[in-house]
2 protein chains.
Amino acid sequence: MPSRTLPPPPPAKVPQREGTQSIERALRVLRLLASTNYASGMSFQDLEDASGLNRSTLYRILGALRAEGFVERHPASGLFFLGMDFLALGSASMNRFNLRELARPHLVRIAEQTEDTVFLSIRSGADSICVDRQEGAFPIKALTLNIGDRRPLGIGAGALALLAFLPRAEMEDLVARNARRFPSNPAMAVENVTALVRRSREEGYAFNDGQVLKSMCAVGVPVPGQTRRQPLAALSIAAISERMRAPRRARLVAILEEEAKALGAALVARGAQPLGG
Amino acid sequence: MPSRTLPPPPPAKVPQREGTQSIERALRVLRLLASTNYASGMSFQDLEDASGLNRSTLYRILGALRAEGFVERHPASGLFFLGMDFLALGSASMNRFNLRELARPHLVRIAEQTEDTVFLSIRSGADSICVDRQEGAFPIKALTLNIGDRRPLGIGAGALALLAFLPRAEMEDLVARNARRFPSNPAMAVENVTALVRRSREEGYAFNDGQVLKSMCAVGVPVPGQTRRQPLAALSIAAISERMRAPRRARLVAILEEEAKALGAALVARGAQPLGG
DNA sequence: ACGCCCTGTCCATATTATGAGAAATACACC
DNA sequence: GGTGTATTTCTCATAATATGGACAGGGCGT
């Protein structure tokens, strides 16, 4: 080894920190606990390995999370879990602008009139999230979406309605983003989604003809904000194909439109704003 | 003012801290955002007032929460919201030991056989939490519980089943705790709950005869763990009183028992342990 | 123009979180 | 019962981190 003077090891520490190391770490731990591969709980060892944190630090973090009820520890097994309070937090996160509360009667009314299953979706970034659902009485149920499910904008009637009625520039940007996110998925290709959007705009509603699930169809409309170009949410109905043919489909759309308009007005009155991301 | 030498102001700081100030603060902020009175979003000012934190500190905390997606800020209005990821976290918290996933087919089967509404509950501390629900086809629905709802142990069929089949000492402790928590509620009085527990043990199932909602009845059974004295969860059925009379009620209980036994076996096989608190 | 309030950023400071290690505790395997 | 291993808690010196006061840029009403 030539004894060259070692170049003074530059601190090279690119802290890049914004002064919130511990919070960041704590939230990461929560994310770990939420990852579905560990639904059956995580041991301390699991957490230590997966997080890469120092033991002492991890104990301290877990202690804090536990003290606030965000994490629970099973006494017998010693496994760590997300605290049950996340149920409450989860509901709260869905209730932006009281959207869910205000929308519920509309969902119920639509489900009663149509006997099919109704969904309420909102936009989050380049995704659509199903926020609420109301099952209809018709025995063959089309339960494509569970509450909390994410779909890229454009996939499914609700997600397509959210996308299609955005300002053109924003819409095109999102379509491009999703095409990049899912390069291997032909359904997300720019041409394909653009075609769906065009048709939705022409017909005034989003129509999903079995793209997600064979033999299941759905229609969706935007919930208008100040203007129709600023949708606050989307309402959609799913049913088996037979119940979605031309004459009935128009009726369903009319019902959706009516409720969406009323809901939109109520939301605007309460100062709701379209969600971006 | 006598110029007495000021007694050296003892630091008197009782930090009492466990070295997790910032995490504690961050979690408090999340709680604030989740509080329902602010469902329509909180301005920075709101948060500052409600949290009592220094502005800079609050900015940093919110920045960290936002960077991790736990908090979102609405661009137009500047309002802060819980991030939509809480939906996912909420689902995850319900899926302990994959309970929800494993239980779902059982719920569906019970709902199909009985046409009534079925609930899955677990214990959390001195409460029961409704973790999942499956609606039956019968047109008059008894939707006493929403997913995520908490009830003190003993109130309602599911919560009573969870309580009644615990080891006696534990049960009595919990009954006493809840009586103290709700001193003004006669339904939670020790004598009352004890009587319900006794009957449940004698008959082998929990029966709620309109205590929660007039004209609505429910039956519940524990999902057994290693032994029946270590219930992992509870299954219950709610219906209008007419559908809960003697002959039918026995059938319902039999169906519940069968599914609960199967579910319990599956859970035990996966190493599930009863939840405490 | 002026004051007032709200919003956001900077930066010196000491308070706080950190992590190594030791000590205590539980647990398994003979 | 005894030995070894894993788990959990505690202590403590240290530096890195989070803190909060000060400052600066609007917006708005008067």
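Throughout, protein chains are lettered first and strands after them, A, B, ... in sequence-line order, and every chain is numbered starting at 1.
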If the sugar-phosphate is the primed atoms plus P, OP1 and OP2 and the base is the rest, what is the B/S/- string for nucleotides 23-29 of chain C, using protein heavy atoms under 4.0 Å?
-------
Tell me every residue that passes salt bridge (charged side-chain N to carboxylate O under 4.0 Å, His left out) with [X], counting only those two or more places apart in sequence or in another chain.
X: B:R198; value: none
X: B:E258; value: none
X: A:R228; value: A:E257
X: A:R229; value: none

If the cut-off is 4.0 Å, is [X] near the phosphate of [N], judged by side-chain N/O to OP1 or OP2?
X: A:T57; N: C:dG19; value: yes
X: B:T20; N: C:dT16; value: no
X: B:Q21; N: C:dT15; value: no
X: A:R60; N: C:dG19; value: no

Excluding sequence neighbours, so at least two apart, what forms side-chain contact (heavy atoms from CB on, under 4.5 Å) with [X]?
X: B:A159; answer: B:S128
X: B:T57; answer: B:R25, B:N54, B:R60, B:I61
X: A:Q230; answer: A:Q226, A:T227, A:P274

Which residue lies more 5' along DNA chain D, comparing A:S22 with A:G78 via nearest heavy atoms
A:G78
Measure [atom1]/[X] against [atom2]/[N] and give the value in whole Å, please.
X: A:L58; N: D:dT7; atom1: CG; atom2: P; value: 13 Å
X: B:L53; N: C:dG8; atom1: CG; atom2: P; value: 16 Å
X: A:N54; N: D:dT8; atom1: CG; atom2: P; value: 15 Å
X: A:L47; N: D:dA6; atom1: CG; atom2: P; value: 18 Å
X: A:I61; N: D:dT8; atom1: CD1; atom2: P; value: 16 Å
X: A:E24; N: C:dT18; atom1: CD; atom2: C1'; value: 15 Å
X: B:I23; N: D:dT19; atom1: CD1; atom2: P; value: 11 Å

Do [X] and [Y] come within less than 4.5 Å of each other through their side chains, counting heavy atoms only?
X: B:N178; Y: B:L163; value: no
X: A:L89; Y: B:L89; value: no
X: B:L62; Y: B:R73; value: no

Between the protein and nucleotides 3-7 of chain C, list the N/O to N/O atom pairs that are separated by less than 3.5 angstrom.
from  : atom 1 : to    : atom 2 : distance (Å)
C:dT7 : OP2    : B:Q45 : OE1    : 3.3

Look at all strands and tell whether A:S56 reaches a base, only sugar-phosphate, or nothing, counting heavy atoms closer than 4.0 Å.
base
Identify, with sequence neighbours excluded, every residue that meets side chain to side chain donor-acceptor pair (under 3.5 Å) alongside A:R100.
none
Scan the side chains in residues 75-86 of chain B for donor-acceptor partners under 3.5 Å anywhere in the protein, sequence neighbours excluded, and list what turns up.
from  : atom 1 : to     : atom 2 : distance (Å)
B:S77 : OG     : B:L79  : N      : 3.4
B:D85 : OD1    : A:R150 : NH2    : 3.0
B:D85 : OD2    : A:R31  : NH2    : 2.5

Between the axis at one end of the helix from C:dA1-D:dT30 to C:dC30-D:dG1 and the axis at the other (five pairs apiece), what's the angle to 10 degrees?
50°
